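The analysis underlying the following values was restricted to heavy atoms, covering all of them including side chains, and did not include hydrogens, waters or symmetry mates. Note that the structure is a prediction, hence the values are computed from the model and not measured.
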Amino acid sequence: MAEVEDLRASVLVALGEAGPGSGVDVVGRVCRACVRLLPVNGAAVSVVAGTGHREIVYASDAVSTALAELQFSLGEGPCFEAQTSGGPVLVPDLAAGPPPAWPVFAAEAAAQPVAALFTFPVQIGAVRVATLDTYRSTPGSLDAAELSTALQVADIAALALSGLRDGGERWLDGDGRWMEGAGMRFREVHQATGMLIAHLDLPASAALARLRAYAFGHGRSLREVAADIVAGRLRLDEEFR
């Protein structure tokens with residue numbers, strides 16, 4: 001498809017002009033093109049930033065943002081399945097029944113104008129560094145040509161993410177500097193997880209699991225709970241042991 005090759009060429013040009021560390025805008029270009037090229041209403045790219053951690057690099061609209069944040073808060077959803085399996089996760093009709101791998105996310109996502117979800121792993125070589133998450137407001141499958149286009153766009157998203165490199169082998173610095181352009185939505189979640197690791201002597205995965213369990217049990221968002229921990233409004237010894 002000529003439009004896909006034009007997108008690839010424009011990403012290469014943009015990265016060459018902008019240089020390392022400025023790839024957020026280029027990732028945004030890929031997400032917006034995804035919405036134009038496919039029968040979807042929104043698209044987002046989220047990177048893997050450590051054990052169980054994710055960061056939204058770019059979301060094309062408010063619904064894409066809400067879906068990405070909901071998955072991170074719950075620790076389940078199509079992005080986690082795609083990341084684990086290495087293949088696309090295609091749900092043409094969410095109302096037909098929640099996928100067994102993520103029933104809670106499916107139930108919560110029903111509050112959004114979402115009828116179908118299509119998620120693709122974003123890989124560089126054999127390493128899965130991110131996911132391309134798309135949704136549509138009406139049920140329906142992707143045909144063979146559309147699926148091929150989606151996979152090509154996911155490859156271009158990997159190319160765009162190269163503009164976020166910090167010059168080394170890591171995709172996210174310890175202080176998350178290169179994510180500043182994306183707003184670093186989950187900075188306080190990462191900070192709160194670190195505080196639990198230090199205070200309760202937990203591995204990262206267990207600390208994040210406790211945060212998620214507390215947020216879910218109290219009907220609050222993960223970001224709200226993390227903000228309270230960082231600000232000292234929640235006592236780690238009383239609430240999380």
Side-chain angles (χ1 to χ4, degrees), residues 7 23-49 53-83 88-99 101-122 130-143 146-147 149-151 153-154 156-157 160-161 179 181-189 212 215-216 219-227:
L7 174 62
V24 171
D25 291 338
V26 185
V27 174
R29 179 181 305 195
V30 175
C31 288
R32 294 189 297 272
C34 185
V35 176
R36 292 196 307 272
L37 295 170
L38 296 170
V40 298
N41 295 94
V45 169
S46 298
V47 296
V48 180
H53 288 263
R54 304 185 72 85
E55 277 293 349
I56 304 169
V57 180
Y58 185 91
S60 66
D61 63 319
V63 175
S64 293
T65 299
L67 292 173
E69 292 189 347
L70 180 60
Q71 290 183 83
F72 182 81
S73 293
L74 295 174
E76 67 172 46
C79 73
F80 288 95
E81 184 177 346
Q83 187 73 32
V89 177
L90 310 174
V91 183
D93 188 356
L94 195 59
W102 29 277
V104 179
F105 168 78
E108 295 287 335
Q112 300 291 334
V114 175
L117 294 164
F118 311 109
T119 297
F120 306 89
V122 175
T131 56
L132 171 65
D133 302 271
T134 70
Y135 80 92
R136 61 189 291 177
S137 58
T138 56
S141 303
L142 299 178
D143 63 28
E146 291 162 348
L147 181 57
T149 296
L151 293 171
V153 172
I156 297 172
L161 283 171
M179 290 300 299
M184 199 60 181
R185 300 174 193 272
F186 298 111
R187 178 183 292 281
E188 287 180 317
V189 176
R212 284 174 170 148
F216 184 77
R220 304 182 64 197
S221 75
L222 188 64
R223 292 170 65 192
E224 289 174 345
V225 171

Applying salt bridge (Lys or Arg N to Asp or Glu O under 4.0 Å), can you list everything that pairs with E224, at least two apart in sequence or on another chain?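 Result, salt bridge (Lys or Arg N to Asp or Glu O under 4.0 Å) vs E224: R220.
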| request: Please list all pairs passing the side-chain hydrogen bond (donor to acceptor under 3.5 Å, both in side chains) test where one or both residues lie in residues 102-116, with sequence neighbours left out. | output: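 Passing the test, one end in residues 102-116: E81-W102.
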Quick one: side chain to side chain donor-acceptor pair (under 3.5 Å) partners of [X], sequence neighbours excluded?
X: T119; result: D133
X: S137; result: N41
X: D61; result: S64, Y135

Is there a side-chain contact between P113 and V63 (heavy atoms, below 4.5 Å)?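 With C-beta onward as the side chain, the pair touches.
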**Study point:** Beyond-backbone contact of V45 with V30, side-chain heavy atoms, under 4.5 angstrom
**Key:**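 No, side chains not in contact.
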| request: For A116, enumerate each residue passing the side-chain contact (heavy atoms from CB on, under 4.5 Å) test, keeping only those at least two apart in sequence or located in another chain. | output: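 So A116 forms a side-chain contact (heavy atoms from CB on, under 4.5 Å) with F118, R136.
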Shortest non-hydrogen contact between [X] and [Y], atoms and distance:
X: R32; Y: Y58; value: NH1-OH, 3.0 Å
X: P78; Y: L117; value: CG-CD1, 4.3 Å
X: A154; Y: V122; value: O-CG1, 3.7 Å
X: A150; Y: L38; value: CB-CD1, 3.7 Å
X: C34; Y: T134; value: SG-CG2, 3.7 Å
X: V27; Y: L161; value: CG2-CD2, 3.9 Å

Is a donor on one side and an acceptor on the other found under 3.5 Å between the side chain of [X] and the backbone of [Y]?
X: S60; Y: A43; result: yes
X: Q83; Y: T131; result: no
X: E146; Y: P39; result: no

CZ-CZ distance between F72 and F105, expressed to the nearest 0.5 angstrom: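 So the gap between those two atoms works out to 14.5 Å.
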Q | Separation between CG of L7 and CD1 of I156, rounded to the nearest 0.5 Å | A |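 Reported to 0.5 Å precision, the distance equals 4.0 Å.
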